[in-house]
Amino acid sequence: MDLSALNAVANAMVTPGKGILAADESTGTIKKRFDAIGVENTETNRRDYRELMFRAEQTMREHISGVILFEETLYQDAADGTPLVELIKASGSIPGIKVDKGASKMAGFPGETVTKGLDGLSKRLRAHYERGARFAKWRGVIDIADGIPTWGCIKSNAHALARYARICQQEQIVPIVEPEVLMDGSHDIARCDEVTRSVLQAVFAELYEQRVALEGIILKPNMVISGKGSVRQAPAHEVAERTIAALKATVPSAVPGIAYLSGGQTDEQATAHLDAMNRIGGFPWKMTFSYGRALQAAPQRAWAGKADNVAKAQAAFHHRARMNGLASLGQWEKKLEKKAA
Ligand code: 13P
């Protein structure tokens, strides 16, 4: 393993002003997104939609440090025959690949899941590296409800994340380590804070035991935030302060960067929260975005499956990428949103 090369990729993924586009929706998840805009979930439509983002050259070059792909997309060609991965590389962005096989019901733990996908992982990573992938993603899911999460579930997901991360590094691929505490539920922000801290503690303990070099990973956590159904929605400054405090207490400073998931926040919330954290500052890591929904909801609505709407969709993508790029610098302002609208 060449750690300085892994560290160089990890640092490039969190270049200030840029962040990661999570375009790795599985075929089932992209169907949900396409259903919402009345688009049929065919391989061609998936290709056309993702191609329009990767061909937004200025947006990609200025604001997107890396793209997380679903396996189909990594091996797919654009309409003119160019591999999509080459479009990403041509804009100076780094291709990455989701390698987990999804969260499945955890035997003995009602209501909880553990993420699968370790079988044959080395071999798959070697092929993905050949095709151009330089980082990977694995998501462990932790749900908050009555009596959960259990320690057994936290520990199992942390262990799988650590095994995945070590295998990635062995294959010269930077692992994005993504333990997601879901924001579904009526719990308050204090409960999210407590659970997020336990999960991160467990993840870093396992990473240490599995001999993962922290200089060669990116952490993709949830923010510490109120449950969606909570009666009190904590304001942006509280989300920012609690998230920074929770990470400072659990994440070693050798980690080069934190790239948050959006997790069901509105587009503007996801931007405002990232901006608030970078304005506060005083932490040892770069902090940026690795958003799926909060980057793509607007372009998806603008596109609606019509070739005539490609330029409009690219403009919507540019706007969100620029807003989040500014948030990664702590330079976003709400009035910039209004101007664009
Ligand atoms: P969201 O930003 O939509 O939560 O997606 C990010 C992601 O990659 C989840 O695994």
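Every number for a ligand or one of its atoms is a count from 1 in the order of the listing. The figures that follow rest on heavy atoms only: side chains count, while hydrogens, waters and symmetry mates do not. Bear in mind that the values here come from a model prediction, so they are computed numbers and not experimental data.
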Handout entry: Which residues share a side chain to side chain donor-acceptor pair (under 3.5 Å) with N222, sequence neighbours left out
Key = T196
Practice task
State plainly whether the residues E337 and K334 are in salt-bridge range, i.e. N to O under 4.0 Å.
Solution key: no
Handout entry: K137 and E178 ion-paired at < 4.0 Å
Key =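 Salt bridge flag = yes for E178 with K137.
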Practice task
Show the numbers, then the answer: is there a salt bridge (Lys or Arg N to Asp or Glu O under 4.0 Å) between R55 and D80?
Solution key: CA-CA 12 Å; R55 282 200 191 274; D80 69 0; 3.2 Å; yes
Problem - Donor + acceptor pair across side chains of Q170, R166 (<3.5 Å) - result: yes
Problem - Every residue of the protein that comes under 4.0 Å of ligand 1, judged on heavy atoms - result: A22, D24, K137, R139, E178, K220, L261, S262, G263, S290, Y291, G292, R293
Exercise for the section: Show the numbers, then the answer: is there a salt bridge (Lys or Arg N to Asp or Glu O under 4.0 Å) between R46 and E72? Expected result: CA-CA 9 Å; R46 293 194 290 273; E72 173 185 277; 2.8 Å; yes
